S.K.: 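First the structure, then my questions, so here it is.
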There are 2 protein chains.
Amino acid sequence: MRIGELAARAGVSVRSLRYYEEQGLLTSTRSAGGQRHYTQDDVERVAFIQRLYTAGLSSRTITELLPCLDSPSDENSDAAMERMLKERDRLSTHIEDLLRTRDALDVLMIAAQAHRDARQAVA
Amino acid sequence: MRIGELAARAGVSVRSLRYYEEQGLLTSTRSAGGQRHYTQDDVERVAFIQRLYTAGLSSRTITELLPCLDSPSDENSDAAMERMLKERDRLSTHIEDLLRTRDALDVLMIAAQAHRDARQAVA
DNA sequence: CTAAAACCTGACATCAATGTGAGAGGCAAG
DNA sequence: CTTGCCTCTCACATTGATGTCAGGTTTTAG
């Protein structure tokens, strides 16, 4: 498929796909005329990239991780492994952080609700 | 306390504090000479702001939420309440997302480890 | 009083992902 | 073959939080 279709299927912009390629996250074969062609697998790959992006990984970090997905027996997978562990830690910490923030929001909302109820009771 | 001390206590840069004020997230009294002065409460306030920032809220959104912390019985707390609910949802979704991403990473790591073990067994 | 340290405003720089627009060329249907 | 849509590259713009620098003022320690 061409880039427009991949963009539609993966739910990202064409611009982003070209950017991913520029960053070495995605490769494509080119038609005689120079247009990018993709396979079905690339849809999943882009989805995975998106997932990592929304997890807050930079394209730089993703670049280091993806080889592990591509050639899962690489010699240099040691570095990738280390990287993954590190990112997993970061993720866990961040998740904890978000949970605490959500709790804080809940406290705020409960307080606000109490105020509202009190006002209502008076009225 | 002056801005430098607040920055140190809250663990943020002086620059950021001035930015927070510019965005209406933080206020200060001024000395005769024009320097900002803060109270102990501001340390917690900045910490809370930081918490919301790392939760991915924009300063724009935080601005809408903070009045609810300041004057907890405001008439316009309805809007803030709605906003909080919305952000809470967004947070929950994001947390789910991160959990799934972490799981995906785990799968990748297990696969990588299996490969490594296999290699080891052969060697 | 003086010098050093901290502060002030204002402006420009940065980073990362993405948007946007121009000008040119590829590709498929009629 | 032509028309219209899709794609190409290149380059500049944007956003948000923060860094940084410059030139000047305030505060504090000695």
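What you are looking at is a predicted structure, and each value in this text was computed from that prediction instead of being measured. Each chain gets a letter, A, B and so on, in the order the sequences are listed, and its residues count up from 1.
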S.K.: Could you tell me how far apart B/Glu5 (CD) and D/dT27 (C1') are, to the nearest whole angstrom?
M.R.: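 Interatomic distance, CD of B/Glu5 to C1' of D/dT27: 14 Å.
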
S.K.: Hey, does the side chain of A/Tyr20 come within less than 4.0 Å of C/dT18's phosphate (OP1/OP2), counting only N and O?
M.R.: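 Indeed, a polar side-chain atom of A/Tyr20 lies that close.
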
S.K.: If I take atom OH in residue A/Tyr38 and atom P in nucleotide D/dC6, what distance separates them, rounded to the nearest angstrom?
M.R.: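 After rounding, the reported distance stands at 16 Å.
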
S.K.: Quick one: A/Glu22 CD to D/dC10 P, roughly how many Å, whole number?
M.R.: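 Atom CD in A/Glu22 sits about 10 Å away from atom P in D/dC10.
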
S.K.: Is the distance from OP1 or OP2 of D/dT7 to the nearest side-chain N or O of A/Arg36 less than 4.0 Å?
M.R.: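 A/Arg36 to D/dT7 OP1/OP2: no side-chain N or O under 4.0 Å.
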
S.K.: Using the side-chain heavy atoms of A/Arg2, tell me which of these nucleotides is nearest: D/dC6, C/dC8, C/dG19.
M.R.: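 Closest nucleotide to the A/Arg2 side chain: D/dC6.
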
S.K.: Just compare C/dA17, D/dG19, D/dT7 and give me whichever is closest to any side-chain atom of B/Ser13.
M.R.: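 Output: D/dG19.
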
S.K.: Please determine whether a side-chain nitrogen of the Lys or Arg among A/Glu21 and A/Arg15 lies less than 4.0 Å from a carboxylate oxygen of the Asp or Glu.
M.R.: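 A salt bridge is absent here (no side-chain N lies under 4.0 Å from a carboxylate O).
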
S.K.: Please give, in whole Å, the distance from D/dT9 P to A/Arg15 CZ?
M.R.: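 From A/Arg15 CZ to D/dT9 P: 11 Å.
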
S.K.: Between A/Arg60 and A/Glu64, is there a salt bridge with N-O shorter than 4.0 Å?
M.R.: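 Judged by the 4.0 Å cut-off on N to carboxylate O distance, A/Glu64 and A/Arg60 do form a salt bridge.
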
S.K.: With a 4.0 Å limit, can you tell me whether B/Tyr19 has a side-chain N or O closer than that to the phosphate oxygens OP1/OP2 of D/dG16?
M.R.: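 Answer no for this pair, as no side-chain N or O of B/Tyr19 is under 4.0 Å from OP1 or OP2.
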
S.K.: Do the side-chain N or O atoms of B/Arg18 get closer than 4.0 angstrom to the phosphate oxygens (OP1, OP2) of C/dA6?
M.R.: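 Result: no.
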
S.K.: Would you call the rings of A/Tyr53 and A/Tyr20 parallel, tilted or perpendicular, where under 30° means parallel and over 60° means perpendicular?
M.R.: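 A/Tyr53 and A/Tyr20: parallel rings.
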
S.K.: For a quick test of reading the model: is some side-chain N or O of A/Ser58 closer than 4.0 Å to OP1 or OP2 of C/dC15?
M.R.: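 Looking at the OP1 and OP2 atoms of C/dC15, neither is under 4.0 Å from any side-chain N or O of A/Ser58.
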
S.K.: For A/Gly33 and B/Ala32, find the nucleotide of DNA chain D closest to each by heavy atoms; which residue's nucleotide sits nearer the 5' end?
M.R.: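 In this pair, the answer is A/Gly33.
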
S.K.: Given C/dA11, D/dT7, C/dC7, identify the nucleotide with an atom nearest to the side chain of A/Gln35.
M.R.: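 Closest nucleotide among those given: D/dT7.
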
S.K.: Would you tell me if any nitrogen or oxygen in the side chain of B/Ser31 comes within less than 4.0 Å of OP1 or OP2 on D/dT26?
M.R.: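 Answer is no, no contact under 4.0 Å.
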
S.K.: Just how far, in rounded Å, is P of C/dT18 from CD1 of A/Ile49?
M.R.: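 Value for this atom pair: 10 Å.
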
S.K.: With salt bridge (charged side-chain N to carboxylate O under 4.0 Å, His left out) as the criterion, how do A/Glu87 and A/Arg90 come out once you've worked through the C-alpha distance, each side chain's angles and the decisive distance to 0.1 Å?
M.R.: CA-CA 5 Å; A/Glu87 288 306 325; A/Arg90 214 187 45 75; 2.9 Å; yes

S.K.: For the pair made of CE in B/Met1 and C1' in C/dA6, what is the distance, rounded to whole Å?
M.R.: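 Rounded to whole Å, this separation is 16 Å.
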
S.K.: What's the CZ-P distance between B/Arg30 and C/dC8, to the nearest Å?
M.R.: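 The answer, rounded to whole Å, is 6 Å.
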
S.K.: For A/Gln23 and for A/Gly34, locate the closest nucleotide of DNA chain C by heavy-atom distance; then report the residue assigned to the nucleotide nearer the 5' terminus.
M.R.: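 Counting from the 5' end, the first nearest nucleotide belongs to A/Gln23.
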
S.K.: Within the pair A/Ser16 and C/dT18, is there a side-chain N or O less than 4.0 Å away from OP1 or OP2?
M.R.: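 For C/dT18, OP1/OP2 do have a side-chain N/O of A/Ser16 under 4.0 Å.
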
S.K.: Decide, yes or no, whether a salt bridge links B/Glu22 with B/Arg18 under the criterion of side-chain N to carboxylate O below 4.0 Å.
M.R.: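 Not counted as a salt bridge, because no side-chain N and carboxylate O are separated by less than 4.0 Å.
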
S.K.: To the nearest angstrom, how far is B/Leu6 atom CG from C/dA6 atom P?
M.R.: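 Atom-to-atom, B/Leu6 to C/dA6, this comes out as 15 Å.
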
S.K.: Both A/Val14 and B/Val14 contact DNA chain C. Which one's nearest nucleotide lies toward the 5' end?
M.R.: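 Whichever sits nearer the 5' end wins; that is B/Val14.
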
S.K.: When you measure from the side chain of B/Ser92 to the backbone N and O of B/Arg88, does any donor-acceptor pair fall under 3.5 Å?
M.R.: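 Yes.
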
